[in-house]
Amino acid sequence: MTAQIQYADVEVGTELPSGSFPVTRATLVRYAGASGDFNPIHWNEKFAKEVGLPDVIAHGMFTMAEAIRVVTDWVGDPGAVVEYGVRFTKPVVVPNDQRGAVIEVSAKVAVKLDDNRVRVDLTAMSADQKVLGMSRAVVRLG
């Protein structure tokens, strides 16, 4: 695959289509099985509260992966992402109900770099709190 977005067609400030990603307890169980991360803060409400959390929380790497989907969907090629980093600022709290939580992600082109690359800055929110800080991806465009 190659990036479907052309470097010449992108300007600083270009907004990517936003994304809304639901997270339920079932989502966390599936992610734990796939990743091998069975830390009880991600599935055991009693344990999570005993260690000072408000409830079960989503895995940080899961949250990070959901956020980058906005970029990979936009560019059309996950391999076009050449760098990606975040700081975990707040947990995504996932209540034990049918709704769970939602991760809302927006992104925009912040800098045009050389070699057909752009830096995209992402904002990830859940329950009106910023859950990722310094969330940035460098993407090679066509």
Side-chain angles (χ1 to χ4, degrees), residues 1-45 47-49 51-142:
M1 297 179 76
T2 58
Q4 297 173 5
I5 304 295
Q6 298 301 307
Y7 182 81
D9 296 336
V10 174
E11 298 299 328
V12 170
T14 298
E15 293 186 14
L16 284 60
S18 61
S20 180
F21 307 102
V23 186
T24 65
R25 295 280 178 97
T27 309
L28 300 181
V29 169
R30 286 191 300 274
Y31 182 82
S35 69
D37 181 352
F38 293 101
N39 187 322
I41 64 172
H42 303 303
W43 57 269
N44 184 317
E45 184 174 330
F47 182 85
K49 289 181 176 181
V51 299
L53 294 168
D55 208 330
V56 165
I57 63 170
H59 303 73
M61 296 303 286
F62 172 82
T63 304
M64 191 177 174
E66 290 293 82
I68 197 66
R69 287 176 55 190
V70 167
V71 177
T72 59
D73 289 351
W74 172 69
V75 76
D77 177 10
V81 176
V82 296
E83 290 179 34
Y84 179 42
V86 306
R87 289 195 179 149
F88 301 104
T89 56
K90 298 279 184 189
V92 175
V93 178
V94 184
N96 191 19
D97 59 22
Q98 296 300 324
R99 291 184 18 242
V102 177
I103 303 168
E104 302 284 350
V105 182
S106 60
K108 67 179 178 178
V109 175
V111 180
K112 286 186 84 168
L113 305 166
D114 60 351
D115 199 25
N116 284 7
R117 297 174 305 135
V118 296
R119 191 187 85 210
V120 176
D121 291 354
L122 298 92
T123 301
M125 307 284 292
S126 184
D128 296 322
Q129 293 192 331
K130 192 172 184 180
V131 295
L132 298 177
M134 298 295 289
S135 183
R136 297 176 174 170
V138 174
V139 182
R140 187 176 320 280
L141 303 178

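Numbers here are sequence positions counted from 1. Just so it is clear, the values below take in all heavy atoms, side chains as well, and ignore hydrogens, waters and symmetry mates.
Nearest heavy-atom pair, V94 versus G100, reported as atom, atom and distance to 0.1 Å: CG1-CA, 4.3 Å. Between G142 and N116, the closest heavy-atom pair is O-ND2, 3.4 Å. In terms of heavy-atom proximity, V81 sits nearest to A137 at CG1-CB, 4.5 Å. Heavy-atom minimum distance, R117 versus D114: NH2-OD1, 2.6 Å. Taking both residues in full, the closest heavy atoms of V102 and S126 are given as O-OG, 3.0 Å, listed atom of the first, atom of the second, then distance. Contact between V23 and A58 at its shortest, heavy atoms only, is CG1-CB, 4.5 Å.
Atom CG in D77 sits 6.5 Å away from atom OG1 in T2 (nearest 0.5 Å). Residue L122 holds its CG atom at 8.5 Å from CG of L132, rounded to the nearest 0.5 Å. Rounded to the nearest 0.5 angstrom, H42 NE2 and R25 CZ are separated by 12.0 Å.
Side chain of W43 to main chain of L28: no donor-acceptor pair is present (N/O by atom type, distance under 3.5 Å, no hydrogens or angles). Side-chain atoms of Y7 come within 3.5 Å of backbone atoms of L113 as a donor-acceptor pair (strictly under, hydrogens ignored).
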Report task. Report the C-alpha distance between N96 and V56 in whole Å, list the side-chain angles of each, state the deciding distance to 0.1 Å, and finish with yes or no for side chain to side chain contact (heavy atoms under 4.5 Å, CB included). Result -> CA-CA 8 Å; N96 191 19; V56 165; over 6 Å; no

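For R136, there are no side-chain hydrogen bond (donor to acceptor under 3.5 Å, both in side chains) partners two or more places apart in sequence or in a different chain. With sequence neighbours excluded, the residues satisfying side-chain hydrogen bond (donor to acceptor under 3.5 Å, both in side chains) with D115 are R140. Considering only residues two or more places apart in sequence or on other chains, A26 meets the side chain to side chain contact (heavy atoms under 4.5 Å, CB included) condition with T24, R30. For T14, the side chain to side chain contact (heavy atoms under 4.5 Å, CB included) partners at least two apart in sequence or on another chain are V10, E11, V109.
Sorted pairs that involve residues 80-92 and meet side chain to side chain donor-acceptor pair (under 3.5 Å), not counting sequence neighbours, are lacking altogether.
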Under 3.5 Å donor-acceptor pairs involving side-chain atoms of residues 61-73, not counting sequence neighbours:
unit_1	atom_1	unit_2	atom_2	d
T63	OG1	H59	O	3.1
E66	OE1	R69	NH1	3.1
E66	OE2	R69	NH1	3.2
T72	OG1	R69	O	3.3

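Counting heavy atoms from C-beta outward, F88 and V131 have side chains that stay 4.5 Å or more apart.
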